[in-house]
Structure formats: structure tokens, C-alpha cells
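Quick note on labels: first sequence line is chain A, next is B, and so on, each numbered from 1. Both backbone and side-chain heavy atoms feed into the values below; hydrogens, waters and symmetry mates do not.
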Protein chains: 4
Amino acid sequence: MTDSPRGAARTEAIMRATLELGAEIGYAKLSIEAIAARAGAGKHTVYRRWPSKGALLMDSLLHLHRSSLDYPDTGDIVADLRTQIHAAVDLLGNPPFGPLYRALIGEAQHDPALAEALNERFIAPQTEMTLARLRTARDQGLLSPSLDLDLAMAVLSGPLYFRFLITREPLTHEYVDRLLQSLFDGMGAR
Amino acid sequence: MTDSPRGAARTEAIMRATLELGAEIGYAKLSIEAIAARAGAGKHTVYRRWPSKGALLMDSLLHLHRSSLDYPDTGDIVADLRTQIHAAVDLLGNPPFGPLYRALIGEAQHDPALAEALNERFIAPQTEMTLARLRTARDQGLLSPSLDLDLAMAVLSGPLYFRFLITREPLTHEYVDRLLQSLFDGMGAR
Amino acid sequence: MTDSPRGAARTEAIMRATLELGAEIGYAKLSIEAIAARAGAGKHTVYRRWPSKGALLMDSLLHLHRSSLDYPDTGDIVADLRTQIHAAVDLLGNPPFGPLYRALIGEAQHDPALAEALNERFIAPQTEMTLARLRTARDQGLLSPSLDLDLAMAVLSGPLYFRFLITREPLTHEYVDRLLQSLFDGMGAR
Amino acid sequence: MTDSPRGAARTEAIMRATLELGAEIGYAKLSIEAIAARAGAGKHTVYRRWPSKGALLMDSLLHLHRSSLDYPDTGDIVADLRTQIHAAVDLLGNPPFGPLYRALIGEAQHDPALAEALNERFIAPQTEMTLARLRTARDQGLLSPSLDLDLAMAVLSGPLYFRFLITREPLTHEYVDRLLQSLFDGMGAR
DNA sequence: GGCTAACCGAGACGGTACGTCTAGTCTTACT
DNA sequence: AGTAAGACTAGACGTACCGTCTCGGTTAGCC
């Protein structure tokens with residue numbers, strides 16, 4: 001993607017228009033035609049930058065929330081996980097991020113390239129950060145050495161995404177706490 | 001939906017065409033136009049029965065696998081769960097059900113009505129069956145009385161759906177076994 | 001067409017509905033579907049009786065105005081023609097007959113069978129009546145023996161239909177009178 | 001309508017396809033869908049240029065015969081009218097112009113906008129040319145000063161259109177000659 | 001400071017599918 | 001047997017976007 005001042009401004013304008021329109025009319029009714037019109041850009045300019053509506057939405061969302069899920073390390077592994085996951089569900093559970101992120105995941109189900117990109121650019125980094133934090137705690141002796149960290153990670157994320165995508169029940173702090181409780185009661189935390 | 005012999009035959013033909021075409025060209029490229037043509041039906045006949053492509057796909061999939069996930073009860077709760085979840089991941093993890101089911105969930109992210117229907121007609125019944133089996137086991141004293149069954153359910157399903165939808169890693173029996181292991185080690189099984 | 005009491009009643013109801021709907025929404029938007037619904041008849045019942053929308057409209061119009069253009073014979077050929085043609089332009093120039101008749105002729109341009117039927121059942125009888133009246137007058141010595149009656153007929157009808165169908169100028173009594181004037185001044189009247 | 005080279009080529013291609021298809025299958029079965037396909041154009045490209053099938057047909061026909069009915073002036077008014085009207089009936093009476101022109105007039109009976117356009121772009125200019133020729137002749141003293149030119153015009157055109165549209169008898173040179181004969185015998189020629 | 005090459009907006013273009021409509025046929029149940 | 005009701009196949013309608021493509025009209029370096 002172009003890095004010249006002019007190009008960057010166009011890129012920004014298009015991503016901004018994407019999020020605005022997405023918030024207004026929902027992803028399903030979003031069209032590249034409308035985004036270009038809203039951004040005052042030609043369709044060509046959009047297609048030059050992104051191969052698909054999904055890719056554009058992903059970039060727009062990640063651009064918007066570049067650094068919002070950084071990890072704390074206060075030494076208290078449970079509290080840190082709690083803090084971070086509370087922040088995550090606050091993000092996922094509310095507009096504008098929530099609905100658009102849900103739509104992005106939906107789109108990824110039809111578009112393997114998008115699914116892979118989403119994994120690499122958002123899911124995997126998030127996962128890795130959590131794993132790193134768990135690893136640190138284990139190395140400090142706060143968690144059982146035999147704890148399967150990948151599984152722990154999956155047991156934390158899975159149920160939240162299940163609620164988010166499948167049952168559409170609200171993502172509450174209380175639910176996060178129950179999950180953490182069961183994890184640390186049962187999976188080897190000390 | 002019509003139940004007359006003629007109507008039922010048409011309904012069947014359309015659902016069959018949907019699954020065939022879906023398997024051949026994938027959900028993303030599926031069109032009601034093409035389905036109707038394949039089924040030798042008029043478009044109106046399709047629209048009379050289903051309000052959207054997603055609803056049609058859901059009916060077609062559920063019609064195809066009406067009774068495939070019934071629950072065993074051999075008295076051994078762990079073995080029964082294992083049997084049933086192995087069957088479930090075999091279904092989800094392979095064509096033709098897997099990719100189309102994934103696409104259906106994707107579509108549901110853009111279409112709340114479809115999401116709700118999917119929940120009511122497929123997710124909730126499956127969940128309820130598992131919960132009932134767990135409840136029986138608990139009543140028989142095989143599980144701790146304090147076990148949070150909903151949470152147990154979520155901890156089983158969530159990670160599998162996370163793999164299925166987000167990371168797209170294969171759903172293996174081995175992974176299911178690890179999940180069950182950690183659950184029964186940690187969540188109150190005796 | 002059926003002549004049984006029941007059949008005749010159905011036929012009437014359908015023709016009435018045709019004229020009503022035609023007057024309300026115009027011929028262009030008329031559909032057999034809507035006519036059947038308005039008449040409380042099945043579509044089959046309409047198709048059993050008429051092969052096309054145009055045929056139905058023609059029957060309906062002719063049924064409505066079965067006997068309205070009979071010819072007077074007062075002995076004064078000019079006055080009789082004047083009377084009769086004034087009546088004709090009053091009919092053609094005003095709703096409900098005018099617009100529907102115009103539409104019927106329009107339809108006949110696409111449908112030779114309809115054109116022929118219209119000719120046989122409406123145009124030719126009208127023409128023949130006028131010719132008969134002219135013939136009587138000629139035989140009585142009121143018109144030149146050399147007068148080409150067919151041509152006289154055409155010179156009377158043609159300009160009126162030209163106005164009616166092509167230029168859509170109003171059909172006035174004054175215009176009829178000018179036509180008659182020129183005909184009897186110039187075409188062999190004494 | 002676009003006048004750019006590209007646009008003009010598309011416009012031409014579509015009009016050509018219209019006339020071809022119209023000649024092949026007749027106006028009644030003509031569809032914009034088929035025209036676009038034949039022209040290798042998108043439907044939008046057709047709809048961008050013409051509001052209706054009738055408008056497209058009219059443009060196509062007038063484009064085909066832009067200059068074919070120009071008027072001679074040899075000084076002999078009767079001969080000139082004869083020449084010109086013979087040419088006109090040859091055009092109307094034969095394919096491809098005849099049947100499509102008939103259909104166009106038919107369509108105009110259902111579509112007032114089309115009727116008006118047809119009048120302005122084809123009928124009125126033709127009429128005006130004939131009137132101008134008659135006026136010249138009158139000014140040269142070849143016709144009676146009291147001759148009602150509009151009426152003369154109507155007496156020439158009307159019967160021909162009546163044959164063309166209503167009775168569907170062939171338009172022959174002989175009939176034209178009879179009409180002219182009666183007009184100039186009786187309507188004030190010297 | 002002028003030239004040229006890339007980029008841009010605008011939007012026409014060939015397509016595809018949409019969801020609606022009507023045609024004309026066929027089936028069902030009623031009278 | 002004829003009917004009302006309406007489902008059925010077929011296919012055109014006019015619309016909306018897709019992704020590609022011209023078209024002029026700015027910029028933005030690079031001489």
C-alpha cells in the first residue's frame with residue numbers, strides 16, 4: 001500500500017468511510033460502491049488497495065483498534081488475565097467494534113484467505129500474548145508445570161467466542177469470572 | 001410449508017439441489033437462481049418456501065442430518081460424552097456437512113433471524129441433550145453436585161467451535177479427548 | 001363459450017371486472033391475474049373462455065356497447081351521416097370506451113388474430129352500415145353515380161382514426177363537420 | 001445520450017440488435033434482456049439510454065431511416081405528392097420498417113409519452129413537409145386559395161393509416177393514386 | 001518551471017443475481 | 001363436469017453491485 005502523504009490520506013478516508021457506513025447500515029448491506037462514494041473516492045482507488053470487502057473491513061477495524069488489547073503484568077496472573085479479558089469482552093460486546101467484528105468473522109467463513117489473514121493479524125497475536133503471560137506465570141511457579149497452556153487458552157477463548165458467535169448471549173464480566181474460576185480451580189493453578 | 005405430496009416433493013428437490021450445488025461450488029457462489037434451475041423449479045417456488053439463501057441452506061442441512069447426533073447412555077458418562085462428541089466432530093470436520101455448516105454460521109453473523117433459527121433448531125437441542133446426559137450423571141453421583149453444568153457444556157463446545165471457525169485447525173478425536181480429560185480432571189468428575 | 005346460466009354469469013362477471021379494472025388502472029397494467037381475482041374467478045376459467053388479454057378486452061368492450069351505433073335514415077344523407085359520426089366520435093373520444101378502445105387497437109398491432117377479429121366484429125359492420133346508407137342515398141339520386149363509395153368511406157374514417165391514434169388531438173363535432181363539408185363539396189355530392 | 005466514441009458505438013450496437021431481433025421474432029416477443037444479450041451489452045447500458053422498449057424501438061427505427069422521406073419539388077405538385085407518398089407507402093408497407101413501425105404505433109397506444117415522442121419526431125415533421133409543399137403550390141396558384149391544407153393533409157394520411165393499422169389491406173400505389181385523384185378533382189385543384 | 005508519469009474522481013461498461021411479477025398450465029378440493 | 005383457489009415452471013422485469021475499463025484532471029517529483 002502506498003505510503004505517500006496523498007495515498008495515506010486516501011487510505012484513511014476509505015477506512016473511515018467503511019467504519020461509518022458499517023456502523024450505520026450494517027455489514028450485510030455494505031457495498032464497495034457506497035464506501036467509495038462516501039469517501040469521495042473512485043472505486044478503482046479502493047480496489048487498488050484491498051482485494052475484497054472483507055479485507056477492507058479487517059484493515060479498517062484493526063486500524064481503529066491498533067493497540068487496545070495490550071497485556072498488563074502486575075505479577076498476579078489471575079488478576080492480569082481478568083483485566084485483559086474484561087477489556088476484550090467490553091470491546092467485542094459493544095458497538096462499533098462488536099457487530100463489525102462479528103460480521104468480519106462471518107465473512108471469513110466464506111473466504112479462507114480472509115480467515116487466514118484474520119488469524120495472523122489479530123487472533124494469533126492475541127493468543128500469543130495470553131500464552132506468553134501464562135508461560136511467565138508458570139515459569140514463576142504460579143501455575144502447575146504440567147498445565148497444558150494451549151488448552152487453557154482454548155478453554156478461556158472458546159466459550160467466549162461461542163457465546164459471541166453462536167448463542168449471542170451477552171458477554172459479561174461475571175461470565176468471564178466464572179470461566180476463570182473454573183479454570184484455576186481445575187486446571188492446575190495454585 | 002406445504003405438506004401436500006406435490007409440495008413436499010418440490011421442497012425435497014430444492015433442498016437436494018441446494019446441498020449438491022453447495023458441495024460443488026461452495027456457499028459463497030451459491031445463488032437461488034442456480035438452485036432453482038438445478039432443481040427444475042421456478043424461483044418463485046423457492047422464495048415461497050424460504051426467505052433467504054441462509055434459511056434454505058439451514059433447512060437443507062438439518063433435513064440431511066435429522067437424527068445423526070442422538071445420545072447414547074451406557075451408564076459411563078465419560079465414554080458416552082466421548083462417543084457423542086467424536087461423532088459431532090466427525091460430522092463438522094468433514095464434507096459435505098462441515099464446509100456448509102461453517103458457511104451457515106458465517107451467514108448467521110449477518111442475519112440475526114437466521115442466527116436465532118439456527119440456535120433454536122440445532123444448537124439448543126444439541127446443548128440440551130448434552131446437558132441432560134450430564135444431569136443424569138450428576139444425579140447418579142458420578143459428578144460433583146456443585147458442578148456448573150452450563151459452564152461444563154461451554155468448556156466442551158467452545159474450544160471446538162473456536163477451532164472450527166477461528167483457527168481452522170482440524171477437529172481431531174485426540175483434541176476432544178484432551179478436552180474431556182481436562183474437564184473431568186478439573187471440574188468435579190469423580 | 002358456455003351458454004349455461006352458470007357459465008354465462010361467470011362470463012359476464014369476468015367481462016365486467018375487465019372493464020372496471022381497465023378503467024381504473026389502464027390497459028397497460030391490466031393482467032389476467034388481477035381480472036380473475038377481481039371477478040372472483042379462477043384463472044383457468046378466464047383462459048377457458050378467451051385466448052388472450054386482447055380478446056377478452058374486445059369481447060368486454062363490444063358486450064358493453066352492443067347496439068350503440070345503429071344508423072338513422074331520415075332521408076337526409078348529410079344529416080344522417082352527421083348524426084351518426086357525431087355519436088361515433090362521442091363514443092371514441094370519451095371514457096370509458098375511448099381509452100380502452102385505443103388500447104385494443106394498440107394490442108391488435110401486435111396480434112394479427114386480434115386485428116382480424118376486431119375488423120370482423122366491429123370495424124367491418126360499422127363500415128358496412130355507413131356504406132349501405134351511402135348506397136341508399138346514391139340510389140335515391142342524392143349522390144353522384146360515379147362516387148367511389150369505398151373511398152368516401154375511407155376519407156371519412158381515416159382522418160378521424162388518424163387523430164384518435166396518431167396525433168391524439170380531440171375528436172370534435174366541428175372537425176367532423178369540416179370533413180363532411182369537404183367531402184360533399186368536393187367528392188361528387190350534388 | 002452519450003456522444004463519446006465509446007458511447008456512440010454502444011448506442012449503435014444496441015439499436016442494430018433491436019432491429020435485428022425485432023425483424024426476427026417480432027416486437028411482441030422482443031425483450032430488453034434479449035436485445036442486451038444480442039448487442040453484447042449489459043442491461044444497465046440499455047436502461048441508461050432508453051426508458052422503455054418502445055422508446056428504444058422508436059430510436060432504432062428513426063435512426064435506420066433518418067433521411068428517407070425527403071420531399072421533391074419539381075414544380076408539379078401532383079407528381080411530387082405522388083412520388084413522395086408512393087415512397088412512404090413502400091416504406092410502411094414492407095419489412096423491416098413496416099411491421100416494426102406498426103408495432104411502435106401499437107405500443108404508443110399504451111404509452112402517452114411514447115405517442116408524443118413519435119408525433120414530435122416523426123409524424124409532425126412528415127406532416128409539416130407535406131404541408132409546406134402544398135403551401136408552396138397554393139402560393140404559386142396551383143391550388144385554390146381557399147383550400148384547407150390541414151384537412152387536405154388529413155384526407156391524404158388518414159385513409160392510408162386506416163388501411164395500415166385497422167383493415168390491414170395492402171398499401172398500393174394504385175390506392176394512393178385514387179386518393180390523390182379524388183383530392184385534386186374535388187378539393188380545389190385547378 | 002516545465003514535463004511526465006502516477007494517481008485520482010467519476011462513472012460507463014459487461015456481467016450476474018436479486019426479488020417481483022405475470023403468463024399459461026396443472027392439481028386439488030368443492031359443489 | 002365445471003369451478004375457485006392457487007401452486008407450479010418459465011422467464012422478463014428493472015435494480016443493485018461486482019470488478020474492469022476509460023476518461024480527463026490534478027499532483028509530485030525529476031530534470
What is the distance from [atom1] of [X] to [atom2] of [N], rounded to the nearest Å?
{"X": "D:Trp50", "N": "F:dG14", "atom1": "CH2", "atom2": "P", "answer": "15 Å"}
{"X": "D:Lys53", "N": "F:dG14", "atom1": "NZ", "atom2": "C1'", "answer": "14 Å"}
{"X": "C:Asp111", "N": "E:dA23", "atom1": "CG", "atom2": "P", "answer": "14 Å"}
{"X": "A:Leu56", "N": "F:dG19", "atom1": "CG", "atom2": "P", "answer": "12 Å"}

Among residues at least two apart in sequence or on other chains, which ones pass side-chain hydrogen bond (donor to acceptor under 3.5 Å, both in side chains) with B:Glu33?
B:Lys43
Could you pull out all residues at least two apart from D:Arg16 that satisfy side-chain hydrogen bond (donor to acceptor under 3.5 Å, both in side chains)?
none
Residues touching DNA chain F, which here means a heavy atom under 4.0 Å, drawn from residues 22-40 of chain D
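Residues of residues 22-40 of chain D under 4.0 Å from DNA chain F: D:Ser31, D:Ile32, D:Glu33.
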With under 30° as parallel and over 60° as perpendicular, where do the rings of A:Phe164 and A:Tyr101 fit, or are they tilted in between?
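Parallel.
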Against B:Leu100, only a single residue in B:Leu19, B:Leu64, B:Thr18 fulfils side-chain contact (heavy atoms from CB on, under 4.5 Å); can you say which?
B:Leu19
Using 0.5 Å steps for rounding, measure from the NE2 atom of D:His63 to the CD1 atom of D:Ile14.
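Going from NE2 on D:His63 over to CD1 on D:Ile14, the span is 12.0 Å.
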CE on A:Met15 to CZ on A:Arg49, rounded to 0.5 Å:
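A:Arg49 CZ to A:Met15 CE: 9.5 Å, rounded to 0.5 Å.
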Could you tell me whether the phosphate oxygens of [N], OP1 or OP2, come under 4.0 Å of any side-chain nitrogen or oxygen in [X]?
{"X": "C:Arg49", "N": "F:dT3", "value": "yes"}
{"X": "B:Arg10", "N": "F:dT9", "value": "yes"}
{"X": "A:Arg48", "N": "E:dA6", "value": "no"}

Do A:His44 and E:dC8 have a side chain to base donor-acceptor pair shorter than 3.5 Å?
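Answer is no: no donor-acceptor pair is held.
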Under 3.5 Å, is there an N or O donor on one side and an acceptor on the other linking the side chain of D:Lys43 and the base of F:dG14?
yes
What verdict does the side chain to side chain donor-acceptor pair (under 3.5 Å) test give for C:Tyr27 and D:Gln109, after you've listed the backbone C-alpha separation in whole Å, the side-chain angles of each residue and the deciding distance to 0.1 Å?
CA-CA 10 Å; C:Tyr27 177 83; D:Gln109 306 311 315; over 6 Å; no
A:Ser52 or C:Thr45: which one's nearest nucleotide on DNA chain F is closer to the 5' end?
C:Thr45
On DNA chain E, check which nucleotide each of D:Ala41 and C:Tyr47 is closest to and give me the residue with the more 5' one.
D:Ala41
